[in-house]
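Note sheet for the following structure.
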Amino acid sequence: MKAGIVSYGAYVPKYRIRPEEIGRVWGEDGATRGKGLGIMSKSIPSPDEDVITIAVEAARSALLRAGIDPQDIGAIYTGSESHPYAVKPTSSVVAEAILAAPDMTAADYEFACKAGTAALQNVLGLVNTGWIKYGMAIGADTSQGAPGDPLEYSASAGGAAFIAGTERIIAKINGMYSYTTDTPDFWRREGQAYPSHGGRFTGEPAYFKHVLTAARRMMELEGTEAKDYDYVVLHQPNGKFPRRAAAKLGFTDEQLAPGLLTPRIGNTYSGAVPLGLSAVLDIAKPGDRILVTSFGSGAGSDAFDISVTDEMERFNRSAGPLVEDMINVPEEYYVDYATYVKFRGKIRRKGD
Amino acid sequence: MNMPRFWREKQGRYNLVGNRCTNCGTYYFPKRDICPKCHRKSIGKMEEVRFKGTGKVVSWTIVHDAHPDYKDMRPYIMAIIELEEGPRLTGQIVDCSLDEIHTGMRVRDTFRKLSEDGKDGVIFYGYKFRPVKE
């Protein structure tokens, strides 16, 4: 494939909450719940942050690192399941906020947690055909969990942006493969504030079936094995699933750990794999090979086989914040449950 | 906030787009039609500029009696920021503890929600500022 990743940028909101604090309110042993999920804390957007602000911050960081003219971006697609508007695109605000508008196309994507990687496939495709010079794909979420639902321990916020192009590629796409079925493991009906899920059904027939099939098929197509990769980035709804999936695929903890962020920031949904890949690109060296597999409920997985190129040596990483620097926050940013529900708009107010 | 007015001014709020008088070199934010120093000499000589977004705090205050749109964030910091290019503007400082804020603090712009026209109305976005590592 001619098209590859020429830049990336990430954003993680600064506020955090710990499972102990969530459990305290709901009469559960939060520490044990957190341990069971493999989550020590999760990120929370500030009241003035949403998917649009997260997407813009990530997009600006990607642009600064690439040093390209935003007017050369021909498409912006943003994948999320928490777009601020039901009707009015996130991507058009992003386009204006990075001065890429108006000679371009834009749209928002939805496919539960894999909308960001679906967006990436599409911009790679458009660049590959020569229809656009650069395309930007963003995966971002401020995911919701109903008060008292187990999802509250994991649903968090963050996102990352990738710019696809054909020149000065830092991450070459060796191949892509997707696996899609109709599987009702997790959903949110139109107009509902909170999602519903199939409990244990979200595991074997949903996450594991799709992630394992897509990752295995990707390796078959490339003629590779787990040991041929330096890193693996898998969708991470909690800290437990990706570890089990990685082990089943033959990957070690060392290959998985750099791109596994959920234990510290929770499940950023459409932002999860894009952020995990960003964290890996933050430390990757030329020649490194990365297997990436997202998962979106409903259900599907997108796999990418990626090689880091020599261009990475010249890439201006320091022009944007590193994922690791955004993950580590001072203790004062850990809030109590009352502040969390206020920030997330879960308090019913006069006029609501 | 008035929607058409906000829409007209969005490049200023989204991207800190102001202008510069090419006659005397002074930068302005928000944009001015003519330079108040050069008057008629600046006609046709005002050039659009996108500010870098970096600057320093020249004065600040902690707001306790909040505007309704900012109630969820109180107490919060409002500051006068001097952009690197010269103009001064007012903005909220976010992701900054009340102990941390000080005159001379280096800040850069960040894209945030400014307000919304109710739960079913338009959401207004624009610049705020956050500390940068020194």
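Residue numbers start from 1 in every chain, and the chains themselves are labelled A, B, ... in the order their sequence lines are given, proteins ahead of strands.
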What part of Tyr125(B) gets within 4.5 angstrom of chain A, counting heavy atoms only: side chain, backbone, both, or neither?
side chain

Quick check on Ile347(A) against chain B: is it the side chain, the backbone, both or neither that has a heavy atom closer than 4.5 Å?
neither

Can you measure from CD1 (Ile77(B)) to SG (Cys96(B)) and round to the nearest 0.5 angstrom?
4.0 Å

Regarding Thr54(B) and Glu84(B), do their side chains bring together a donor and an acceptor under 3.5 Å, going by distance alone?
yes

Segment of Glu116(B) engaging chain A (4.5 angstrom heavy-atom cut-off):
neither

Largest heavy-atom contact set with chain B, pairs under 4.5 Å, which of Val56(A), Ile52(A), Asp48(A)
Asp48(A)

Under a plain distance cut-off of 3.5 Å, with no hydrogens placed, do Ser91(A) and Thr78(A) share a side-chain donor-acceptor pair?
yes

So does Ser97(B) get a backbone contact from the side chain of Glu100(B), meaning a donor-acceptor N/O pair under 3.5 Å?
yes

For Val122(B), is it the side chain, the backbone, both, or neither that has a heavy atom closer than 4.5 Å to a heavy atom of chain A?
both

Please determine, among Glu96(A), Glu332(A), Lys88(A), the option with the most heavy-atom pairs under 4.5 Å with chain B.
Glu96(A)

Take Ser80(A) and Asp141(A) through the test side-chain hydrogen bond (donor to acceptor under 3.5 Å, both in side chains) and record every step on the way to the result.
CA-CA 5 Å; Ser80(A) 179; Asp141(A) 254 304; 3.1 Å; yes

